[in-house]
Amino acid sequence: MSSTWHILGAGSLGTLWACRLARAGKAVRLILRDPQRLQAYQQAGGLTLVEQDQASKYAIPAETAESRGPIHRLLVACKAYDAAPAIARLAPRLAQEGEVVLLQNGLGSQDEVAEQIPHLRCIFASSTEGAFREDDWRVRFAGHGFNWLGDPANPATPEWLEELHDASIPTEWTVDILTRLWRKLALNCAINPLTVLHDCQNGGLLGHLPEVDAISAELARLLHCCGQPEAAENLDEEVQRVIVATSANYSSMYQDVRAGRRTEVHYLLGHACRTAERHGVEVPQLEQLHQRLVKNLHARGLPSA
Ligand code: NAP
C-alpha cells in the first residue's frame, strides 16, 4: 500500500501539514481545486511556510482530483462545507483499504464524508494549531497547539501515526475524539456567534456575561442529553476562561464575517440546533442565537449553510 500523503486543499492547515511532512522526507502530493489553481501553484513554484518570521519554500508536487492513480492515504484540509463535494469528486480514486483523515472543525461534515465512502476508514481530527494565509501558497504558522486524532468506529491506532511525530506534528490518538470535537464545538457556539452579533473582540463578551452563561447552560444540557456528558463538564467555567485568555483576539467567525468569507456556522451552531431537534431537547437560547446570526449573515450577503 502506498504511503504517499495526498493532501486535499493547500490553504492554512493543508500547507502547515504538507510542509512539515515534506520537510521530514515523507512523500506528499497536493490535490488542488482545478486546473487554474494548479497552474497558479506551478507558477509560484511551491508552498511557503513562515515560522517565527523564517520563510521556507517546499516544491511539493501537485495535481487535481481528475489526475490518475489510486489514493491510499488522504488528509482532507478544506473547510467543512467543501469536504463532502470534494470527496465525491475524489471517490473513484480512493483505494478500497484507504484511510481518510478529516481536519474539519465542528461536526456533521465528517458524517457527510463517511456516508459517501462507507468502505474506507475515516479518522477525525481536532486541532488547536493556528495558521493563516498571508497570500496564495504562503501560510504563517501563528499558534502552536495540538492535534487529537481518533476514529469513533475503531479504537485501533493507525500504523502511520509515528510519521506525524517524525514530522514534528504534535499529535495523539484518542478514543474520545467525539468528546473533544463536541467540547470545541460548544466553546465555539458560546463565544463566536456573540462576537459577530455584538461586533466585538472575545473580551467584549465580558460585558454580556448573563447571555454567555445562559447559552453555556443550554449547551451543557444538550451535551448531557445527546450522550456527551464529559464534554459538558464545567463548560461555563471554561467558556469564561477562554474569553479572558483570548480577550484581545477576534474569533475566527468574526474574522470570516469581516472579510466577507463564508462561515462554518452550519457545522457549529447549526449542528448543535439540529442535534437538539433530533433528540427532542428544547434549546430556545440556541435557536434564537442561530436565528439572529443567520439574519446577520444574510444582511451581509453571506450564506448561512
Ligand atoms: P483555508 O485556509 O480556507 O483552506 C482551505 C483550502 O481548501 C483552500 O486552499 C481551498 O482552495 C481548498 N479547497 C476547497 N475545496 C477544494 C477542492 N474541492 N479541492 C481542492 N482544494 C479545495 O481553510 P483552513 O483555515 O485551512 O481550514 C480548514 C479546516 O481546518 C476548517 O474546518 C477550519 O475550521 C479548521 N481549522 C483551521 C485552523 C486554522 O488555524 N486555520 C485551526 C483549527 C482548525 P482554494 O485556495 O482554491 O480556495
Side-chain angles (χ1 to χ4, degrees), residues 6-20 29-44 47-51 60 62-67 71 74-91 93-94 100-110 112-113 116 124-149 169-171 177 180-181 183-185 187-189 192 246 249-257 259-271:
H6 281 87
I7 300 189
L8 184 134
S12 309
L13 280 199
T15 297
L16 184 59
W17 284 63
C19 292
R20 289 181 295 186
R29 290 190 75 81
L30 303 172
I31 299 173
L32 304 179
R33 194 187 276 278
D34 54 35
Q36 290 74 28
R37 295 293 284 155
L38 180 59
Q39 195 186 12
Y41 172 74
Q42 278 159 351
Q43 271 164 9
L47 292 178
T48 299
L49 182 65
V50 185
E51 295 164 283
I60 298 169
E63 60 192 40
T64 64
E66 286 69 35
S67 301
I71 295 172
L74 177 69
L75 183 74
V76 182
C78 57
K79 289 283 173 66
Y81 47 77
D82 280 327
I87 289 293
R89 278 174 63 196
L90 266 188
R93 292 181 60 195
L94 295 173
V100 176
V101 182
L102 300 163
L103 282 184
Q104 287 60 49
N105 205 2
L107 279 160
S109 70
Q110 299 87 347
E112 289 174 1
V113 167
Q116 292 188 56
F124 301 4
S126 178
S127 177
T128 61
E129 293 194 294
F132 64 90
R133 284 206 255 191
E134 288 189 333
D135 207 340
D136 258 2
W137 325 117
R138 182 183 173 96
V139 165
R140 183 172 286 266
F141 189 6
H144 287 269
F146 204 78
N147 300 286
W148 296 97
L149 262 57
I169 299 176
T171 316
I177 190 66
R180 292 196 177 271
L181 284 163
R183 179 72 166 200
K184 197 171 174 213
L185 182 149
L187 289 167
N188 183 300
C189 289
N192 294 23
T246 62
N249 296 2
Y250 286 103
S251 73
S252 54
M253 189 177 276
Y254 181 98
Q255 291 180 43
D256 282 342
V257 167
R261 289 189 298 255
R262 183 175 175 181
T263 70
E264 295 182 299
V265 56
H266 185 75
Y267 300 93
L268 295 159
L269 185 54
H271 184 81

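Whatever order the structure lists them in is the order used to number ligands and atoms, beginning at 1. Position 1 is the first residue of the sequence; numbering continues from there.
With hydrogens and angles disregarded, a donor-acceptor distance shorter than 3.5 Å links the side chain of R89 to the backbone of R33.
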Pairs under 3.5 Å, nitrogen or oxygen of ligand 1 with protein nitrogen or oxygen:
unit_1   : atom_1 : unit_2 : atom_2 : d
ligand 1 : 2 (O)  : S12    : N      : 2.9
ligand 1 : 2 (O)  : S12    : OG     : 2.9
ligand 1 : 3 (O)  : R133   : NH2    : 3.4
ligand 1 : 9 (O)  : G11    : N      : 3.2
ligand 1 : 26 (O) : S12    : N      : 3.3
ligand 1 : 26 (O) : L13    : N      : 2.8
ligand 1 : 32 (O) : N105   : N      : 3.0
ligand 1 : 32 (O) : E264   : OE1    : 3.4
ligand 1 : 32 (O) : E264   : OE2    : 2.7
ligand 1 : 34 (O) : E264   : OE1    : 2.6
ligand 1 : 40 (O) : A131   : N      : 2.9
ligand 1 : 40 (O) : A131   : O      : 3.2
ligand 1 : 41 (N) : A131   : O      : 3.0
ligand 1 : 46 (O) : R37    : NH2    : 2.8
ligand 1 : 46 (O) : R133   : NH1    : 3.0
ligand 1 : 47 (O) : R33    : NE     : 2.9
ligand 1 : 47 (O) : R37    : NE     : 2.8
ligand 1 : 48 (O) : R33    : NH2    : 3.0

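In this structure, the ring pair (Phe, Tyr, Trp, His ring centres under 6.0 Å) partners of F146, at least two apart in sequence or on a different chain, are W148. Residues satisfying the ring pair (Phe, Tyr, Trp, His ring centres under 6.0 Å) criterion with Y254, sequence neighbours excluded, are Y250.
Within 6.0 Å of CD on Q39 lie no more than 12 heavy atoms contributed by other residues, nucleotides or ligands.
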Distance-only donor-acceptor pairs under 3.5 Å for side chains of residues 78-88, two or more places apart:
none

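Paired with L13 under the rule side-chain contact (heavy atoms from CB on, under 4.5 Å), one option of N147, N105, L103, I7 passes, and it is L103.
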